[in-house]
Engineer: 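This is the structure I have questions about; it appears just below.
Residue numbering restarts at 1 for every chain, and letters A, B, ... go by the order of the sequence lines. Atom set for the values below is all heavy atoms of this structure, side chains included, hydrogens, waters and symmetry mates excluded.
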There are 6 protein chains.
Amino acid sequence: MKNVSAKPDTLRTATAACVLHMPPDCVTLLRERKAEKGDALEIGRMAGMLAAKKTWELLPLCHQLPLTAIDVIYEIGEAQVGITVRVETIAGTGVEMEALTAASITALTIYDLLKPHAEQDRLRITDIHLVEKTGGKSQYARALS
Amino acid sequence: MKNVSAKPDTLRTATAACVLHMPPDCVTLLRERKAEKGDALEIGRMAGMLAAKKTWELLPLCHQLPLTAIDVIYEIGEAQVGITVRVETIAGTGVEMEALTAASITALTIYDLLKPHAEQDRLRITDIHLVEKTGGKSQYARALS
Amino acid sequence: MKNVSAKPDTLRTATAACVLHMPPDCVTLLRERKAEKGDALEIGRMAGMLAAKKTWELLPLCHQLPLTAIDVIYEIGEAQVGITVRVETIAGTGVEMEALTAASITALTIYDLLKPHAEQDRLRITDIHLVEKTGGKSQYARALS
Amino acid sequence: MKNVSAKPDTLRTATAACVLHMPPDCVTLLRERKAEKGDALEIGRMAGMLAAKKTWELLPLCHQLPLTAIDVIYEIGEAQVGITVRVETIAGTGVEMEALTAASITALTIYDLLKPHAEQDRLRITDIHLVEKTGGKSQYARALS
Amino acid sequence: MKNVSAKPDTLRTATAACVLHMPPDCVTLLRERKAEKGDALEIGRMAGMLAAKKTWELLPLCHQLPLTAIDVIYEIGEAQVGITVRVETIAGTGVEMEALTAASITALTIYDLLKPHAEQDRLRITDIHLVEKTGGKSQYARALS
Amino acid sequence: MKNVSAKPDTLRTATAACVLHMPPDCVTLLRERKAEKGDALEIGRMAGMLAAKKTWELLPLCHQLPLTAIDVIYEIGEAQVGITVRVETIAGTGVEMEALTAASITALTIYDLLKPHAEQDRLRITDIHLVEKTGGKSQYARALS
């Protein structure tokens, strides 16, 4: 684990995204919140938030960072759902892995809720990647009021 | 999850309470620390502390707050035990849910240890509520020495 | 922890319930799924399910039981929501604590989502109790096909 | 959560896969086990195994399944690593989500260890999908010796 | 992780032990249950039980085994406490690591509660070892009633 | 739990150590990274790091401390491996228990991987103790840049 004892706490943000491909009628199910096991978008959002907070427990070399914001945003297409997660912390190191982990677990959770409604060869998660990060070396220190 | 990136770290405290009703001879068992599976009051206190620290993992929208103090206090009556939990942190948001969660898990743990000694229709947890909170908007910032 | 090595695996069920009191306009918010932080009923249901599966981690004397069913049911009143959780397992001991824990965490999660919308002295969880259990001594063994 | 109380325990297997894209010199680093923070392939394999066992905690609707085997296999290419995870259980429901979760967390862990060595726009996880599953309806019941 | 899919569930037991050395007045504190932070023996026993149930989460290659019994026994000496943990399961593989993990965490917990009362160079945990195991190849299959 | 609300955040370090005894051919296996279940030294290092971050969850009276550095160092002898763990945090209380817990779990993990290669009466963990700590009362406050 990288030694971050000497790093000042500053605002760090990271945004990650991925895409979950599915048959078009699954998109309808999601929109109408009618998946058999529950509202997949809301449950996926919640699972992603919980996973973001547990990243340090899942990825052995990650620090325990107290997240100060987590947002999960969906972009619903014809045969896919785009998942974007934006995470913030005030800490000495960045939150890329938290955003990437949350996006992945949100996608897996929705996949799980769609399993009764689709052949699994039609479900596929692609393109998990970092979209943006801010904070770190060149950033302002946290204003302590 | 509420965005608290811009909130300064200040001392926050919260006190929550609940009541566990039980037959009078169970009160005696607790006082004499003779429940079959162990010292229910001490185990309940410990379980409440552990749960307070895990609130962010149990309640999806709660922040990961580093608790700086947790106290579990019992008030033993004739056919009930009152449970009060007081929690502190230095953080950008409050610890009400931590205190409420700890009180609930303490009560459930004692309930579990009383099961071999009572009909379960005699065991009941009531009145989980917030007693007091301090800190937040109008509070002083943490003095950094 | 009670020694259950010699107990045969049989179907066990338990149902627990509690009530979350709130101002009437919070009931409306819940019904219309408009709480600021998300759909409180759906998130509460999910948090209760996750907590049921973690009962052995929260209550020190509980066994690790593989739950085979968890249902969270709401009964929405004028100034309260009734929460009932029914849990099943095939195991050598009962699942009362799992049902009680899930009901409590569901109530606390909804409480957390209502905090921005209500004075906290209007939010209160009462009457956590066991409603029913089946299985155990007098029950049939699991049919192994 | 699907009710699986009546389902017999049978052998279930699932295989999932994904691909982690990276610059060619990162492949060399992995092969020579020289990433700055540790042996990324070995750590990724371990993190995937731990995550498989925690799937029920990450995905709210998944059952707690006692995994009886977990294998993580790498196929190292020129600018990518293929990750395949095969999971087994003896249970009343399948382990697809366990295999998919393990593959994802293995990929994220290796990604995390490559961060000091690559521009992050060169790291990307794609094509998380189920490869195969066996067991379930048409399968043999577990032989109890 | 060893593949245990084909192994029948049988009764497995394991006993592990260790010794926590301390100044004699700490032994008195333990006996009289007067450590400042709580009843160290009772809290240590509970922490050991919880840790036994989490062994699969702490040791990456361990299976998730549903423990059916956990006992923590103390032997109090003049300047030491002997800790013995006996664990049982009905499973396809043994529980040595569960017993060893529980003994270690019990010792560490008591150590933690003694810190305010002793110079730390007087606290030392030694001789963590397996005492006995039964079950496995040559054992009887679980009697299913 | 000790109330640390008024304590300033300063750099705290702790170093703990233990010894895992084993037959000489196990030492060879470790050196050559040929244990059947994986690279025991690398997996042990990883498990120790994860455990350090979970100390607050394992030891009931420990605070949730955000570790800023964790190092696991091996000293390989003829019939033993020495394990030293050094941990850092910026917090209001010390990290002795984190270092001790990590050393113990690293030793237990390597033990687990050596089980197929040694009679268990030849495996033994001894001498878990604190080597050094810095920080606390007499220490400098963290420089906030």
Engineer: How many angstroms lie between atom CG of C:Leu59 and atom OH of B:Tyr111, to the nearest 0.5 angstrom?
Structural biologist: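 Reported to 0.5 Å precision, the distance equals 11.5 Å.
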
Engineer: Can you name the nearest heavy-atom pair linking C:Leu108 to B:Ser104, along with the distance?
Structural biologist: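 Closest pair (atom of C:Leu108, atom of B:Ser104, distance): CD1-OG, 3.6 Å.
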
Engineer: Between CZ of C:Arg124 and CG of B:Asp127, what distance do you get to the nearest 0.5 Å?
Structural biologist: 4.5 Å

Engineer: B:Glu96 versus chain C, heavy atoms under 4.5 Å apart: side chain, backbone, both or neither?
Structural biologist: side chain

Engineer: Heavy atoms only: give me the nearest B:Gln120-C:Leu130 pair and the separation to one decimal.
Structural biologist: OE1-CD2, 3.2 Å

Engineer: What's the spacing between C:Leu100 CG and B:Leu123 CG if we round to 0.5 Å?
Structural biologist: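 Going from the CG atom of C:Leu100 to the CG atom of B:Leu123 covers 9.5 Å.
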
Engineer: Decide side chain to side chain contact (heavy atoms under 4.5 Å, CB included) for C:Thr126 and B:Ile125; before the verdict, give the C-alpha distance in whole Å, the side-chain angles of both, and the deciding distance to 0.1 Å.
Structural biologist: CA-CA 7 Å; C:Thr126 59; B:Ile125 301 165; over 6 Å; no

Engineer: Would you mind checking which part of B:Leu50 comes under 4.5 Å of any heavy atom in chain C, side chain (CB onward), backbone (N, CA, C, O), both or neither?
Structural biologist: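 Answer is neither: B:Leu50 stays 4.5 Å or more from chain C.
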
Engineer: Among B:Gly48, B:Gly44, B:Pro60, B:Pro116, which residue forms the greatest number of heavy-atom pairs with chain C at distances under 4.5 Å?
Structural biologist: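 Winner by heavy-atom pair count: B:Pro60.
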
Engineer: Locate the shortest heavy-atom distance separating B:Leu61 from C:Asp112; write the atom from each residue and the value.
Structural biologist: CB-OD2, 3.7 Å

Engineer: For the candidates B:Lys133, B:Lys2, B:Met1, B:Lys115, which exhibits the highest count of non-hydrogen atom pairs separated by less than 4.5 Å from chain C?
Structural biologist: B:Lys115

Engineer: Sort B:Leu20 into side chain, backbone, both or neither according to what part of it lies under 4.5 angstrom from a heavy atom of chain C.
Structural biologist: neither

Engineer: Closest approach of C:Ala47 and B:Leu58, non-hydrogen atoms and distance?
Structural biologist: CB-O, 3.8 Å

Engineer: Measure distances from C:Cys18 to the heavy atoms of chain B and classify the residue's part below 4.5 Å as side chain, backbone, both or neither.
Structural biologist: neither

Engineer: Where does B:Thr109 contact chain C at under 4.5 Å (heavy atoms): side chain, backbone, both or neither?
Structural biologist: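 Answer is both: backbone and side chain atoms of B:Thr109 are under 4.5 Å from chain C.
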
